[in-house]
Each structure stands twice: as structure tokens, then as C-alpha cells.
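Order of listing sets the numbers, starting from 1, for every ligand and every atom in it.
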Amino acid sequence: MPPVVKPSTPRVSEPAQPSRLPLPAANPAELASTAPFAPLIYTAIHHPKGSTDNPTEVMRSLIQRHLVSTLARHTGSATPRDWWVATSLAVRDGIHERMIATQAVHNIHNVRRVYYFSLEYLIGRLFGNNLLATGQYEAAKEALESLGQDFEHIRDAEVDMGLGNGGLGRLAACFLDSLATLDYPALGYGIYYEFGLFKQAFINGHQMEHPDNWILFGDPWEVVRPEYTQQVQLYGRVENVFDDRGNYRPRWVDTKTLLGVPHDIPIAGYGTETVNLLRLWSSKATEDFDLAAFNSGGYVEAVREKAVGETVSKVLYPNDKTENGKELRLVQQYFFVACSLRDILRRHFRTPGNSWDNFAEKVSVQLNDTHPAVAILELMRILLDEQNIAWETAWDVTTRTFAYTNHTLLPEALEKWSVALFQRVLPRHLQIIYDINARVMHAVEIQWPGDNEKKRVCSLIDESGGKGVRMANLAVVGCHAVNGVAELHTALLKKHLFPEFDLLYPGKFQNKTNGITPRRWLLKSNPRLSAMITGRIGDGWIRDLDLLRGLEKFAGDAEFQSEFMAIKRANKADLAAVIKSECGVDVSPDALFDVQIKRLHEYKRQHLNLLHIMALYRRLLQNPGLDVVPRVFIFAAKAAPGYDLAKNIIRAINVIGARINTDARIGGKLKVAFLPNYRVSLAEKIIPAADLSEQISTAGKEASGTGNMKLALNGALTIGTLDGANVEIREEVGDENIFIFGMTVDEVEALRAKGYKPWDLYHHDEELRAIVDWLGSDYFTPGEHGAFGALHGSLLHGGDPFMVLADFRAYCDCQAKVDRAYRDTAGWARMAILNTARVGKFSSDRTIREYANDIWKLSPVPIR
Ligand code: CJW
């Protein structure tokens with residue numbers, strides 16, 4: 001009987017047994033390849049014939065062996081990169097064995113795992129991290145030095161793995177470190193972008209973007225796994241077919257096919273056997289691409305089609321807040337989640353005894369923002385269409401599988417895909433969205449009968465101004481847990497973004513304050529301070545950051561203070577050398593290092609910082625004898641390439657900074673250094689050298705911030721608003737050890753409600769007016785009129801959306817307090833030490849334990 005094609009939207013399928021269609025069972029060869037840990041092989045690799053037990057000797061011979069047998073290099077002609085690759089491979093040998101052992105234990109015991117789905121991973125460099133994690137740092141350093149190599153120089157040969165934009169991507173990287181260190185069975189999934197976040201250079205103060213072809217010469221940490229390649233369909237159309245019993249059986253046809261090839265990066269836990277995986281997908285066109293065109297002589301066309309398939313994983317979108325609705329981005333998102341889910345199903349169903357019945361007991365998926373939220377629809381599609389499972393069962397499995405982390409309240413960052421685009425790229429998924437929405441609307445009607453406003457805000461479809469799919473609403477209804485990333489952020493999430501859903505799904509919303517890994521952000525990046533801390537309280541802090549509280553008792557100890565400040569000074573001297581080579585600016589390590597490092601965004605208010613710098617500069621010009629603490633203002637930030645105002649702020653800081661740096665009249669009291677190409681490895685150099693940490697976002701706008709935590713951990717004092725995690729940092733370090741200024745969230749809301757008028761502030765504050773006028777003039781850009789017009793205009797005519805002028809005076813007053821505090825060397829040292837001692841809460845180990853206990857219900861599985 002020919003299928004009946006029905007034009008309208010499909011209806012619910014009939015109830016079915018959830019477990020009746022398991023995927024194929026395990027292939028025995030595959031299981032054999034994950035046989036239990038074999039210590040003999042391990043021993044063989046670590047003790048090559050003829051070598052000793054001395055770890056340095058072992059490392060030395062492994063490096064030499066890889067140089068010759070893997071890289072075909074003579075030691076005499078090896079480049080720093082060769083040495084870096086050879087040493088990485090030497091370390092990797094052991095890591096791979098642990099990885100095999102870890103996966104074998106997880107597989108054999110069929111453990112529950114968490115899968116972290118993220119479009120971004122800002123890993124940085126892996127070399128030093130993996131040496132430390134496996135306890136081989138000293139051995140590798142000594143081995144390389146005994147071979148006549150400069151260890152630091154070799155480390156610098158590693159290109160950052162910059163597959164993320166900022167905090168969200170770096171958080172994913174910190175989480176992977178904590179998951180492995182705490183022995184949680186976990187796997188990160190993402191995209192193997194050929195080009196990571198663009199490289200930034202400055203020309204005449206302007207940001208220039210250059211491609212980051214990080215993988216050009218290969219990556220010693222990765223293993224390609226062609227055997228786990230996945231196929232993904234996209235585009236096409238849905239045939240609304242009924243089977244011979246009248247059940248709706250939609251068929252997604254005329255699709256295009258992509259292949260996803262996994263690249264595995266091992267993630268070694270610190271001081272544990274666990275090695276988890278980060279699995280990143282690169283896209284390939286199918287082998288049998290457009291054979292017809294090929295055979296009819298359309299060779300070039302066919303090859304071009306293939307090339308299109310391969311652009312999917314080509315480049316990371318450089319936006320860190322604005323969602324720009326590009327088709328390729330939706331394709332990336334779907335490609336990534338479709339590959340990852342198929343990989344999870346493969347793993348689940350190869351294990352005897354597993355079925356759909358226990359799927360959500362074995363699989364927990366965390367969605368890093370809404371970027372991978374289309375996974376909810378894809379799992380539903382698989383369950384409904386491929387497995388013929390009834391809607392209610394499918395929905396139950398899906399919602400128990402997924403959890404969602406929200407990272408922002410900014411409306412421009414909330415993903416909304418046009419319905420027309422969705423229809424074209426993922427037509428069947430759009431039908432499923434409508435089916436989910438019908439049920440959501442039903443639930444809203446039961447809760448608030450007849451209330452159309454409630455339906456409007458809860459709908460997955462935004463009907464205002466061009467129909468769009470609200471991915472955040474989809475994520476909220478399709479997940480069993482939704483979390484914000486700091487207490488304040490979570491409170492605002494419930495109060496402003498999702499008040500109706502909070503009532504509809506009581507208990508679904510919860511807080512998980514962000515954290516950072518102490519391995520990278522103290523142990524690795526600040527070896528001097530790490531050694532000093534370990535000397536006083538032992539090395540337990542590396543895996544239990546709360547132990548830093550043991551330093552509190554030294555906060556008033558003069559000897560400890562001077563040692564602590566000597567370390568800070570040495571780190572500042574190192575950074576001064578970087579500033580000299582990168583910016584050509586001479587700075588003194590005795591000045592106060594005032595640091596603002598983060599993405600360039602109006603809400604983060606780098607321009608507030610700039611206005612303060614201009615105020616100080618102007619005061620010095622008017623009174624050259626003015627007694628101010630010499631300061632170096634250090635910036636590092638990338639602006640999204642299409643964000644003109646952010647780029648204008650960069651230019652203003654660069655140009656005004658250059659003028660200040662060369663103005664002999666102020667006697668070098670102020671210096672401004674904008675370090676180009678902010679990235680993880682640069683952050684690791686700046687953070688240990690910071691005295692002051694700028695966290696000055698408009699209250700309510702920064703979800704958490706994580707740079708604030710890294711800087712406080714390294715003994716920088718925070719100057720900040722009561723925003724994001726600053727609130728909790730203040731709770732931990734104490735009011736007297738942090739500089740808080742500016743409007744609170746409530747004050748911001750009240751001022752907005754009353755009608756904010758930046759012009760009033762401009763007219764009533766003489767210094768502010770002078771500075772704003774100065775900025776708007778061509779004083780700093782002679783002959784180039786209106787160079788900072790965009791910035792100047794935003795503050796006045798543009799209505800100053802982030803209330804820079806409203807917080808200006810409070811910020812200057814607070815900076816004056818900082819100036820006074822810095823003169824009291826012992827007092828400052830005490831405050832800095834207490835910052836380091838009291839921020840143990842912000843270890844990502846604590847965050848991950850909370851996710852594991854409250855959301856994932858996941859237990860550690862130690863590998864022995
Ligand atoms: O997440 C960090 C927080 C920080 C917050 C950041 C965030 O700003 O306060 O510490 C970790 O929780 N990043 C994003 N939202 N919030 C983010 C990142 C990339 C994006 C995006 C939003 C990319 C796109 C859109 C929105 C895009 O379309 O490419």
C-alpha cells in the first residue's frame with residue numbers, strides 16, 4: 001500500500017515499549033580494545049630497555065626516542081617546536097595508557113557518565129598542565145635542560161588551543177580539569193574548529209583580526225578516531241506518512257549528509273589515574289558526494305560541494321554575546337549535537353543489558369548555555385521517529401537526560417532562530433518544537449486559565465517581529481534542571497527572565513556558582529607563590545583549595561608579608577618584560593599594576609576605566625606635583641569583529657594610552673599598556689602580576705565573571721561593583737579586603753525606572769564634563785576629527801546604556817581609596833594575603849561537586 005502523505009503538522013504517536021528497539025550490541029573487537037589496564041605495557045613504555053629508574057633519565061630517553069623515531073629529527077637540528085612535540089609525546093605515552101585504563105573501567109562497570117556539551121573550549125596550552133597533572137614536570141624540565149634546551153622557550157612553542165571566546169569556554173575547560181581530578185566519569189563534546197578565536201594585532205591603535213590556524217602543523221595531544229565517524233542529515237523536507245495502522249510516521253527525506261570525525265584530546269586529572277576525554281568533531285563531506293555531477297564531468301562542482309561540507313567545522317564564531325542568526329552557526333550546532341548523541345547511543349547500546357529503559361540512568365548531558373539546546377529536539381526525533389517510542393516516554397527520557405546552564409541575561413545574547421531558517425535546515429525538528437509547545441501551552445492554561453500574556457512569554461515561539469524559536473524557553477522546558485552561574489545571577493534569572501517557568505516548575509532553577517581550576521590558575525601560572533604556599537601549609541591545597549585558609553594566620557606576619565610581596569614584585573618584573581616586548585612600553589614593577597582583562601564589551605565598562613585614567617592624567621597636567629601612587633593600567637581584550645563601539649573603545653585606550661606614556665610632563669607616574677591578543681597563555685602571565693583587579697560591570701549584567709576569581713586567588717585586590725560573583729567574593733574575603741563601589745542592581749533598576757539622564761551628570765560634574773569633552777575632541781588624534789565619536793556619542797546622545805557616567809564619581813572616589821591603601825605596604829600585603837587565603841570556595845572542584853550531587857547524581861569512580 002503506498003504511504004499516505006498528509007500536508008499538516010503531525011500528531012502524537014501511539015504508546016510503545018521503550019526498550020524494544022535497542023541499537024546493535026557491542027562489537028567484541030571494540031570491547032577487546034578496551035581491555036583492563038595492563039601494567040606490563042605501562043612498565044615497558046616507562047622503562048625503555050637500558051634506562052634507569054631515574055625519572056629524568058626515563059624522560060630524557062623517551063624524548064630522544066620520539067625525536068628520532070616519530071619526528072625523524074637529529075638532536076642537532078631539532079627546532080623548539082620539535083622538542084616540544086617530542087616531550088609532549090613522551091608525556092602522552094603514559095597519559096594514553098591511563099586513558100585506556102579509565103575508559104575500560106568506565107565501560108566494564110557500565111558507569112553513569114556526564115557528557116558536557118559545549119560549542120566552546122578555551123583550553124590554552126596543555127604541555128605544562130599535563131606535566132604537572134602526571135607529576136613529570138621536574139623530570140621533563142631537567143631532561144630538556146640536560147639536553148641543552150631552555151625549558152621556557154620550549155613551552156612557548158605551543159600554540160594555544162583557543163576554541164572559545166571567553167568565560168563560557170574557559171569555564172568548560174576548568175570543568176574538564178576538575179571532573180578528571182575528582183575521578184568523575186565524564187566526556188566533553190565540542191567542535192574541532194580549524195580556526196580558533198582570531199588573533200588580534202593593533203595597527204595605529206585599531207584592532208586587526210588575523211586567522212588563528214592553530215592546527216596547521218598538527219597537535220601532538222590529539223588522536224583522530226576515524227572508526228567512530230558519524231553521519232548527520234540536514235535540510236530536506238518531511239513527508240507526513242501514516243503506516244498501515246494509521247500511525248503517523250514522518251519521514252525526513254532529500255537530506256544532505258555530513259560526516260563527523262572525532263578528534264580526542266586526553267584530559268588528565270591532577271594526581272589521579274583518571275584520564276577523561278574531550279571529543280571534538282570535524283566535519284567532512286560524504287565520500288559519495290554528488291556522484292552524478294562527478295561522473296557527468298562536473299568534477300569541480302562536486303569538489304566544491306565537498307568543500308562546503310568541510311566548512312561546517314572551519315571557524316569559531318567570534319561573538320561572545322550577540323547572537324547573529326547565521327545559518328552556518330545553526331548547522332554547526334546541529335552537526336555537533338547530532339554527532340555527539342549518536343556517539344553516546346553507540347556507547348550505551350554496545351553494552352549488554354543497556355536499553356532505553358536505563359538510558360537516562362546512565363547518561364546525563366549538561367548543556368553549556370543554549371548553544372547545544374537543539375540536542376533536546378534531536379534526542380526526541382531519534383526516540384519518536386527512529387525508535388517508534390511514544391511521546392510521553394520519549395519526553396520523559398529526554399528531560400531526565402538534559403540539564404541547562406544559563407550564562408547571561410542580556411537580551412541580545414539569548415538565542416532566537418528564525419522559524420523560516422529552522423524550517424529549511426531542520427524541518428522535522430521544527431515540527432517537534434511545535435508539538436512541545438502545544439504541551440507547554442496546555443500546562444500554562446491549566447496553571448493560569450485564560451491568561452494569554454503568560455502564554456505569550458512562555459511560548460517557544462516568539463511572535464513579535466519575525467517569528468523566532470526561543471532556545472532558552474526550549475532549554476528550560478526540555479531539561480530537568482536549570483542553573484545560573486552565581487547567586488545574584490540565579491536570583492535575577494528567576495525574577496526577571498523566567499518568573500513564569502519558576503512558578504510552573506518549582507525547584508527546577510538552582511544556583512551553581514562558577515569556579516576556576518587551581519591547577520592552572522595558581523599551581524601552573526604562579527610557580528613562585530605556589531611553592532611558597534606549599535612550603536607553609538603543604539601541597540594539599542592543590543586538590544582542596546579550602547586549605548588555603550591555613551594562610552590566614554600569616555596575614556599579619558611581617559616576614560610572610562615581605563616574602564609574599566617579593567613574589568608579587570618578581571611576577572611584576574616578568575610581566576614588565578612582556579609589556580616591553582609586546583607594547584614597547586617601559587613600566588616599573590614598583591608601580592601599582594591595575595589590571596582589566598576580559599572581552600571588550602560595553603557592559604564590562606572598560607570605558608569607565610578609561611575615564612578614570614583620563615581624570616588622573618588631567619589632574620596631573622593641572623598639578624604636576626600631585627602625589628599619586630604610580631600606576632600601570634594594563635588591559636587585554638578582544639572585541640567581536642563586528643562590534644564597532646567595542647573596537648572604538650580599544651582604539652581610544654590605545655591612542656590615549658600612547659599619549660600618556662610619552663608625556664614627559666607627568667614623569668612616568670601613569671602608564672597604559674594594552675597587551676594584544678588576549679588568550680589563556682597571556683592571562684597566565686598577567687594574573688600573577690596583578691595588584692588590582694577591575695571588575696566594574698554595570699550591576700546585574702555580568703552573570704558571574706571568573707577572571708575576578710583568578711585574580712583574587714593570586715593576591716590581587718578587587719575593585720568592583722556588586723555584580724556577578726563579586727558579591728560572593730566580598731562575602732568570602734570580607735568587606736575590608738575589597739573595594740566595592742557604585743550602584744547596586746536595585747539602584748540601577750530604580751534609576752532606569754525613574755528615567756536615566758546622562759546629560760544631568762555631565763552638566764553637574766565639572767571634571768566629568770571636561771573629560772567627556774576631551775574625549776570628544778581631536779586632542780588625542782590631531783587631524784583626525786571624531787575618532788572616538790562612537791564612544792563619545794554613546795555616553796551622551798546614546799543615553800549611556802550601561803550607566804558609565806552614573807558610576808563615574810563613585811568609581812573615582814573608590815580609586816582614591818585604593819591609592820591610599822597601596823601606600824600602606826603592610827596593610828596592602830595583609831589584604832592581598834587574605835584574598836588568596838579566603839577564595840577557596842571558587843575552586844571549580846567545589847562547583848563540579850555541586851553539579852555532580854545536585855544535578856547529575858554522579859559518583860566518582862577512582863581508577864586503580
Ligand atoms: O559566561 C561566563 C560568566 C560570564 C558570562 C559568560 C557568558 O558573561 O559572566 O562568568 C561563564 O559562566 N558568555 C556568554 N554568555 N555568558 C556567551 C558566549 C558565547 C556566545 C554567546 C554568549 C556566542 C554566541 C552567542 C552568545 C554566538 O552566537 O556565537
Side-chain angles (χ1 to χ4, degrees), residues 116 118-122 162-175 190-191 193 196-198 315-333 336 366-374 404-418 421 468 471-472 475 483-490 492-493 497 511-517 597-605 637-638 640-643 683 695-711 720-721 723-729 842 844 847-848 851:
Y116 201 75
S118 178
L119 267 283
E120 305 192 9
Y121 290 91
L122 207 43
L163 309 185
N165 274 288
L168 172 144
R170 183 54 231 177
L171 186 76
C174 285
F175 280 4
I191 294 183
Y193 299 106
L197 186 60
F198 65 87
V315 61
L316 166 77
Y317 276 93
N319 310 316
D320 123 294
K321 286 294 169 317
T322 45
E323 195 287 299
N324 62 9
K326 285 275 176 359
E327 178 167 335
L328 179 59
R329 165 94 174 161
L330 179 61
V331 172
Q332 282 185 340
Q333 294 182 348
F336 149 59
Q366 189 68 34
L367 303 175
N368 199 18
D369 216 285
T370 57
H371 315 156
V374 65
Y404 154 53
T405 305
N406 172 285
H407 293 269
T408 183
L409 304 172
L410 295 186
E412 66 269 30
L414 297 177
E415 289 193 298
K416 183 181 138 187
W417 291 107
S418 101
L421 178 62
M471 299 305 277
N483 74 282
V485 291
E487 277 167 18
L488 175 66
H489 168 64
T490 304
L492 296 173
L493 196 64
L497 197 57
N511 179 244
K512 294 286 165 279
T513 298
N514 281 168
I516 57 169
T517 168
I597 47 174
K598 49 185 78 246
R599 283 296 287 248
L600 205 307
H601 204 293
E602 288 164 273
Y603 85 80
K604 295 178 187 279
R605 300 200 294 192
K638 288 177 180 173
Y643 189 174
Q695 308 300 338
I696 59 178
S697 51
T698 317
K701 300 293 179 192
E702 188 72 271
S704 161
T706 46
N708 47 4
M709 302 168 185
K710 295 162 196 167
L711 285 153
T721 49
D723 198 17
N726 298 351
V727 176
E728 291 158 75
I729 292 177
F842 304 104
S844 48
T847 313
I848 284 298
Y851 275 94

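Proximity of Asn514 to Val485: side-chain heavy atoms (C-beta onward) are separated by under 4.5 Å at one or more points. With contacts defined as side-chain heavy-atom distances shorter than 4.5 Å, the pair Arg329/His371 qualifies.
Side-chain polar atoms of Asn483 and Thr405 form a donor-acceptor pair below 3.5 angstrom.
The Tyr603 neighbourhood of ligand 1 comprises atoms 8 (O), with distances under 4.0 Å to a heavy atom of that residue. Close approach to Ala703 involves these atoms of ligand 1, each under 4.0 Å from a residue heavy atom: 9 (O).
In this structure, the side chain of Ser418 engages the main chain of Leu421 through a donor-acceptor pair within 3.5 Å. Judged purely by atom type and a 3.5 angstrom limit, Asp369 has no side-chain atom pairing as donor or acceptor with the backbone of Asn406.
Glu412 and Lys321 are not joined by a salt bridge, as no carboxylate oxygen comes within less than 4.0 angstrom of a charged side-chain nitrogen.
Of the protein's non-hydrogen atoms, the one nearest atom 28 (O) of ligand 1 is Arg329 NE, 3.4 Å. The protein heavy-atom contact nearest to atom 3 (C) of ligand 1 is Gly705 N, 3.8 Å. The protein atom (non-hydrogen) at minimum distance from atom 23 (C) of ligand 1 is Asn319 O, 3.1 Å.
Here Val485 has side-chain heavy atoms under 4.0 Å from ligand 1, and that is the only part of it that gets that close. When heavy-atom distances to ligand 1 are checked against a 4.0 Å cut-off, Asn514 comes that close only through its side chain, counted from C-beta outward.
When each of Arg605, Glu702, Lys598 is checked for a side-chain hydrogen bond (donor to acceptor under 3.5 Å, both in side chains) with Gln695, only Lys598 meets the rule. Under the side-chain contact (heavy atoms from CB on, under 4.5 Å) test applied with Ser704, the options Met709, His489, Glu728 reduce to a single match, Met709.
Assignment of Glu120 to the shell around ligand 1 is supported, since a heavy atom sits closer than 4.0 Å. Residue contacts with ligand 1 leave out Arg170, since none of its heavy atoms falls under 4.0 Å from the ligand.
Contact record, Ile848 with Phe175: CD1-CG, 3.6 Å, taken as the closest heavy-atom pair.
Of the N or O atoms in Tyr317, none lie within a sub-3.5 Å distance of an N or O in ligand 1. Between Lys321 and ligand 1, at least one N/O pair is under 3.5 Å apart. At under 3.5 Å, a nitrogen or oxygen of His407, whether backbone or side chain, sits near a nitrogen or oxygen of ligand 1. Some N or O of Ser704 is nearer than 3.5 Å to an N or O of ligand 1, by distance alone. Taking distance alone, with nitrogen or oxygen atoms compared against 3.5 Å, Glu702 approaches ligand 1 more closely than that limit.
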Return a table of donor-acceptor pairs under 3.5 angstrom between the side chains of residues 165-173 and protein atoms on other chains or two or more places apart.
unit_1: Asn165; atom_1: OD1; unit_2: Arg599; atom_2: NH1; d: 2.8
unit_1: Asn165; atom_1: ND2; unit_2: Glu120; atom_2: OE2; d: 3.0
unit_1: Asn165; atom_1: ND2; unit_2: Tyr317; atom_2: O; d: 3.0
unit_1: Asn165; atom_1: ND2; unit_2: Asn319; atom_2: O; d: 3.0
unit_1: Arg170; atom_1: NH1; unit_2: Leu122; atom_2: O; d: 3.1
unit_1: Arg170; atom_1: NH1; unit_2: Ile123; atom_2: O; d: 3.2

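Residue nearest to atom 22 (C) of ligand 1, selected from Leu119, Thr408, Asp320, Leu171: Asp320 (by heavy-atom distance).
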